[in-house]
Amino acid sequence: YPTWKRTLARRARESQMKRFCRAQAIQRRLEEIEVTFRELEQQGIKLEKLLRDENESLADQQTQWTNQLLYLVQKKNNLMTEESDLMIAVQELKLEEQQCQLDEKLRSYMNKEDALKTPEDEKAEQEILKQLVEVVNKRNVLIQLQEEKRLSEL
C-alpha cells in the first residue's frame, strides 16, 4: 500500500472529522437559536399584553415597553439572519461531503489502468465526473449567495 494512498486516506478521514465537528457545532447553534426564539416570543407576548392592557399608564412607561419590543424584534431578526447563514453552511457541508465521496470514487476509477477498464468502468467514470461537476457548481452557487448576502449587509 503506497505511502501516497495512506496519506490521501488519512487526509480524507481528517477532513471528514472536521466536517462532522462543524456539523455538530452548527446543529448545537441552531438548537440554541430555536430556544432563544421561543424566549423572545414569550417576552414579546408579555410586552404586547402590557401595551394593550395599560392604556392609562404613563407615556414614559409605554415608550419604554415599545422600545423593548422593538429591541426584541431586532434580536429576532438578527437570529433569523444567523439561522439562514447556518442553513447555508449545512448545505455547503453536505455538498462538500458529496464532493469528497465522488472524488474518492473517481480516483479509484482513474487509478485503474486504461487497458484494464471495461466500457462500464469508463461510463461510470464519466458519470461520476459529471456528478462531481454538478456538485462543484452547486457549491459555487452557495458561495455566490453568501457573498451577495454579505455585500448587501454592508
Other cluster members, L70 - Ile/Leu/Val/Met/Phe/Trp/Tyr, side-chain contacts below 4.5 Å: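 Same cluster as L70: nobody, lone residue.
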Linked hydrophobic residues, L8 as query - side chain contacts closer than 4.5 Å: W4
Below 4.5 Å, heavy atoms only, C-beta onward: do K94 and Q98 meet side chain to side chain? no
Quick one: do R10 and R13 satisfy side chain to side chain contact (heavy atoms under 4.5 Å, CB included)? Show the steps, please. CA-CA 5 Å; R10 187 184 77 246; R13 282 191 309 275; 3.7 Å; yes
Roughly how far, to the nearest 0.5 Å, is [atom2] of [Y] from [atom1] of [X]?
X: I33; Y: L86; atom1: CD1; atom2: CG; answer: 5.0 Å
X: Q43; Y: Y71; atom1: CD; atom2: OH; answer: 9.5 Å
X: L142; Y: L93; atom1: CG; atom2: CG; answer: 10.5 Å
X: N140; Y: L145; atom1: CG; atom2: CG; answer: 11.5 Å
X: E34; Y: L79; atom1: CD; atom2: CG; answer: 10.5 Å
X: L95; Y: L102; atom1: CG; atom2: CG; answer: 10.5 Å

Quick check: is W65 connected to L69 through a chain of hydrophobic side chains (ILVMFWY, heavy atoms under 4.5 Å apart)?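 As far as the 4.5 Å side-chain criterion goes, W65 and L69 are connected within one cluster.
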Determine, using the 4.5 Å side-chain heavy-atom cutoff (strictly less than), whether V90 and M80 are members of one ILVMFWY cluster.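 Result: yes, single cluster for both.
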For residues 74-91, which residue pairs qualify under side chain to side chain donor-acceptor pair (under 3.5 Å), counting only residues two or more places apart or in two chains?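 Only R29-E82, E41-K76, S84-K149, D85-K149 qualify under side chain to side chain donor-acceptor pair (under 3.5 Å).
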Listing request: all side chain to side chain donor-acceptor pair (under 3.5 Å) pairs with a residue in residues 101-110, at least two apart in sequence or in separate chains.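 Found E97-Q101.
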Side-chain donor-acceptor contacts of residues 126-138 below 3.5 Å, not counting sequence neighbours, with atom names and distances?
| residue | atom | partner | partner atom | Å |
| --- | --- | --- | --- | --- |
| N137 | ND2 | V133 | O | 3.3 |

If you take all heavy atoms of A89 and I26, which pair is closest and at what distance?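 Answer, listing the atom of A89 first, then I26: CB-CD1, 3.7 Å.
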Could you tell me which non-hydrogen atom of L51 sits nearest to which non-hydrogen atom of Q62, and how far apart they are? CD2-O, 3.6 Å
So for atom NZ, which belongs to K112, do other residues, nucleotides or ligands contribute more than 12 heavy atoms lying within a distance under 6.0 Å?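 Yes.
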Kindly determine whether Q64 and Q68 satisfy side chain to side chain contact (heavy atoms under 4.5 Å, CB included), including the steps that lead there. CA-CA 6 Å; Q64 185 182 3; Q68 286 177 350; 3.9 Å; yes
Are K18 and E14 close enough for a salt bridge, meaning some N to O gap below 4.0 Å?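 No, this pair does not count.
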With a 4.0 Å cut-off, would you call E147 and R150 a salt bridge?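 Salt bridge present between E147 and R150.
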Name all residues meeting the side chain to side chain donor-acceptor pair (under 3.5 Å) criterion together with E92; count only those two or more places apart in sequence or in a different chain, and write none if there are none.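 Not a single residue meets the side chain to side chain donor-acceptor pair (under 3.5 Å) criterion with E92.
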